[in-house]
**Q** 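One structure, pasted below without further comment.
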Protein chains: 2
Amino acid sequence: MDTQAEIEDFLLNGHLQYVPHVSIDCAIFGYHGQQLKILLIRNKFIQGWCLPGGYIKRTETLVKAANRIVKERTGIGNLFLQQFKTFGDPNRARINEFDEELWYKATGLRITKTNWLIDQTISVGFYSITDFSKSTPKPDLMSDDCKWFDIDRVPKLEFDHKEMIQEALHTMRVYLYHYPIGYNMLPEKFTLSEIHALYETLLGKKLDVSNFPKKLISLGLLKKLSEKRSIGPHRSPHLYKFDKTAYDKALKEGVVLT
Amino acid sequence: MDTQAEIEDFLLNGHLQYVPHVSIDCAIFGYHGQQLKILLIRNKFIQGWCLPGGYIKRTETLVKAANRIVKERTGIGNLFLQQFKTFGDPNRARINEFDEELWYKATGLRITKTNWLIDQTISVGFYSITDFSKSTPKPDLMSDDCKWFDIDRVPKLEFDHKEMIQEALHTMRVYLYHYPIGYNMLPEKFTLSEIHALYETLLGKKLDVSNFPKKLISLGLLKKLSEKRSIGPHRSPHLYKFDKTAYDKALKEGVVLT
DNA sequence: TGTCTATTTCGTAGTTTTTACTAAATAAAA
DNA sequence: TTTTATTTAGTAAAAACTACGAAATAGACA
């Protein structure tokens, strides 16, 4: 969706390709080193920061649509994605504040209040997690900026997106305590320090440097490899990989990570 | 919505009052004695069992809409209600199988495939819990029966409603392990046996008769009253009530009930 | 070749929580 | 008064968790 013709077609005929009245918003969490970030876009029309979002094609499942949206903003496909809540407060979108002139300035197109985009919308929230250093943030049609913010330095957000982030963070952390995470988020082979740091970053709290890895091992989630990694003037850590069978079982039945 | 005129108005102009393309389906769980049940309705048009559902008024929040739907089917308002998942598979509603003749026979009205009701719909799932003996099940406009089924004797269900029940049950049980439940679901004063039986019924598993109540007490959730209840030729149980402060704190911060 | 340093990782003691079970208490019926 | 069913206190053993000390060790550096 880049050419003027495509944009015009989206505005005029989008309701034939997409399901009207329903959108998806994505809380895309990024970690790297010890920092947790979230990806935001700056909406052209209301001149404020929002979660990346989009509409659902009539042929798509919800998770497929969320995956498409996340890929368009980050360049990364097949991320861990989970639905966390659906938002439908009638006042959430503030469609009464629609500004025809701003829209015209930004797109060069005249649309009216009867356009399918300017109507009450219920939004399904998804969160995803990725290594932000591997992403290439890109604004969408409606936005003029797209970048990562430290999770504790998020600017003022439009609509109900602040609440969305809080809900997403809460759901993600509850999930993290009950299911292993890391497959597709760590390299195939990794050290205990690496998975320890990942969990600390996502949970936003300290985990015992010795007991936490021991717990993962005692649950049978990790398989110790004979290889080591040389990373400095000190004892080299062993490499581990996930025991896929135990990992999948834990995803299905749940575990408790303290 | 009972008169023919009201039904006709709903079919022709419902999209003005309700948000099109979005519905709510409710998994209404009922307990009594030691039995867990679920409320189902029998759809007139496809002649099959479904979860009770409905549309969202443009002025309503999602939870308010769910509350209205639950009250219409059970006669009970202000139930514990929680969103569990939103369903949007493009094939979930099978709108291609729409039968104009069946619809005419049931309602006396001719509607076409272009009617707002016959279009792709994304459904927000809520579950609720109530004492089924206090309910008065009532079918809706689209159904000719509405009754409780034992949770392990659910008939074949239409659409994706079997998956919905499974997801609802799973979410409800996970919730139950992490938050206290029972306020508004037990009388103000109750015995340890009563809350023990409620949890066993909802979780579908045995809980230790001595340790489970002790856990609740050690968490400070219950306040022992001086009154007792006489219920047979044996030691009379003490009555308890919830410590509202501790209960609300547990709802907010979570607890672990094993 | 030895020390030094930073980090990994093993071991374990002390504590808390959970689990399983026993037995005392007791209200009403026989 | 005895019997019976249930509530509920008590506790021993097992398991899990926590905190922390110390051994192992790879590379830097003298």
Side-chain angles (χ1 to χ4, degrees), chain A residues 33-34 176-178 180 182 186-187 189-201 203 205-243 246 250 253-258, chain B residues 33-34 176-178 180 182 186-187 189-201 203 205-243 246 250 253-258:
Chain A
Q34 294 280 61
L176 225 55
Y177 279 111
H178 294 280
L186 288 166
K189 300 169 182 178
F190 51 86
T191 68
L192 295 180
S193 288
E194 284 165 358
I195 192 168
H196 176 242
L198 173 67
Y199 265 85
E200 279 197 344
T201 304
L203 288 175
K205 69 175 229 183
K206 289 277 168 224
L207 299 167
D208 189 277
V209 69
S210 162
N211 294 330
F212 177 73
K214 255 189 291 189
K215 179 81 193 186
L216 292 176
I217 292 166
S218 77
L219 288 168
L221 289 170
L222 303 183
K223 260 206 293 239
K224 191 176 191 167
L225 305 174
S226 50
E227 300 167 70
K228 295 180 180 185
R229 174 178 293 163
S230 293
I231 45 165
H234 52 71
R235 182 173 178 177
S236 298
H238 272 274
L239 287 173
Y240 286 76
K241 66 175 184 179
F242 286 109
D243 178 328
E253 298 172 12
V255 290
V256 179
L257 304 171
T258 32
Chain B
Q34 292 281 61
L176 225 54
Y177 280 111
H178 295 279
L186 287 167
K189 301 169 183 178
F190 51 86
T191 68
L192 295 181
S193 288
E194 284 165 356
I195 192 168
H196 175 243
L198 174 66
Y199 265 84
E200 279 198 343
T201 304
L203 288 174
K205 71 173 226 183
K206 288 279 167 222
L207 298 168
D208 190 276
V209 69
S210 165
N211 293 329
F212 178 74
K214 256 190 288 189
K215 179 81 191 185
L216 291 176
I217 292 166
S218 77
L219 287 169
L221 288 171
L222 302 183
K223 260 206 293 239
K224 190 175 190 168
L225 304 175
S226 50
E227 300 167 70
K228 295 182 181 185
R229 175 178 294 164
S230 293
I231 45 165
H234 52 73
R235 185 172 175 179
S236 298
H238 273 274
L239 287 173
Y240 286 76
K241 65 175 185 179
F242 285 109
D243 179 328
E253 297 171 13
V255 289
V256 179
L257 304 173
T258 32

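Convention: sequence-line order gives letters A, B, ...; per-chain numbering from 1. Treat the numbers as computed from the prediction; the structure is a model and nothing was measured.
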**Q** Find the distance between OG1 (T191(A)) and CG (L225(A)) and round it off to the nearest 0.5 Å.
**A**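 So the gap between those two atoms works out to 11.5 Å.
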**Q** How would you summarise protein contacts on nucleotides 25-30 of chain D per nucleotide, using B for base, S for sugar-phosphate only and - for none, with heavy-atom distances below 4.0 Å?
**A** BBBS--
**Q** Hey, can you tell me if F190(B) and F242(B) have their rings parallel, tilted or perpendicular (30° and 60° cut-offs)?
**A**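 Ring orientation, 0 to 90° scale: tilted.
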**Q** Side chain to side chain contact (heavy atoms under 4.5 Å, CB included), that's the test. Do V209(B) and H196(B) meet it? Break it down for me.
**A** CA-CA 7 Å; V209(B) 69; H196(B) 175 243; 4.2 Å; yes
**Q** Expected output is a numbered-order residue list: members of residues 192-201 of chain B with a heavy atom under 4.0 Å from any atom of DNA chain D. What is it?
**A**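 Output list: L192(B), S193(B).
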**Q** Give, for atom CD1 of I195(B) and atom CG of L207(B), the distance between the pair rounded to the nearest 0.5 Å.
**A**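 Separation between the atoms: 11.0 Å.
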**Q** Any chance you could measure R229(B), atom CZ, to L239(B), atom CG, to the nearest 0.5 Å?
**A**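 It is 5.0 Å, given to the nearest 0.5 Å.
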**Q** Give the first and the last nucleotide of DNA chain C, reading 5' to 3', that has any atom under 4.0 Å from a heavy atom of chain A.
**A**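 Answer, 5' to 3': dT5(C) to dT12(C).
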**Q** Which heavy atom of A250(B) sits nearest a heavy atom of V255(B), and at what distance?
**A**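 Smallest interatomic distance, heavy atoms only, reads CB-CG1, 3.5 Å.
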**Q** So which atom in K189(A) and which in E194(A) form the shortest heavy-atom distance, rounded to 0.1 Å?
**A**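 It is O-OE1, 4.5 Å.
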**Q** Which donor-acceptor pairs under 3.5 Å do side chains of residues 212-224 of chain A form with protein atoms, sequence neighbours excluded?
**A**
unit_1	atom_1	unit_2	atom_2	d
K214(A)	NZ	N211(A)	OD1	3.4
S218(A)	OG	K215(A)	O	3.0

**Q** Are any non-hydrogen side-chain atoms of P237(A) and I231(A) less than 4.5 angstrom apart?
**A**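 They are in side-chain contact.
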**Q** So, using ring-ring contact (aromatic ring centres under 6.0 Å, His included) as the criterion, who are the partners of Y240(A) when residues are at least two apart?
**A**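 ring-ring contact (aromatic ring centres under 6.0 Å, His included) list for Y240(A), sorted by chain: empty.
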**Q** Distances under 3.5 Å between protein N/O atoms and the N/O atoms of nucleotides 20-22 of chain D, please, pair by pair.
**A**
unit_1	atom_1	unit_2	atom_2	d
dC20(D)	N4	S210(A)	OG	3.4

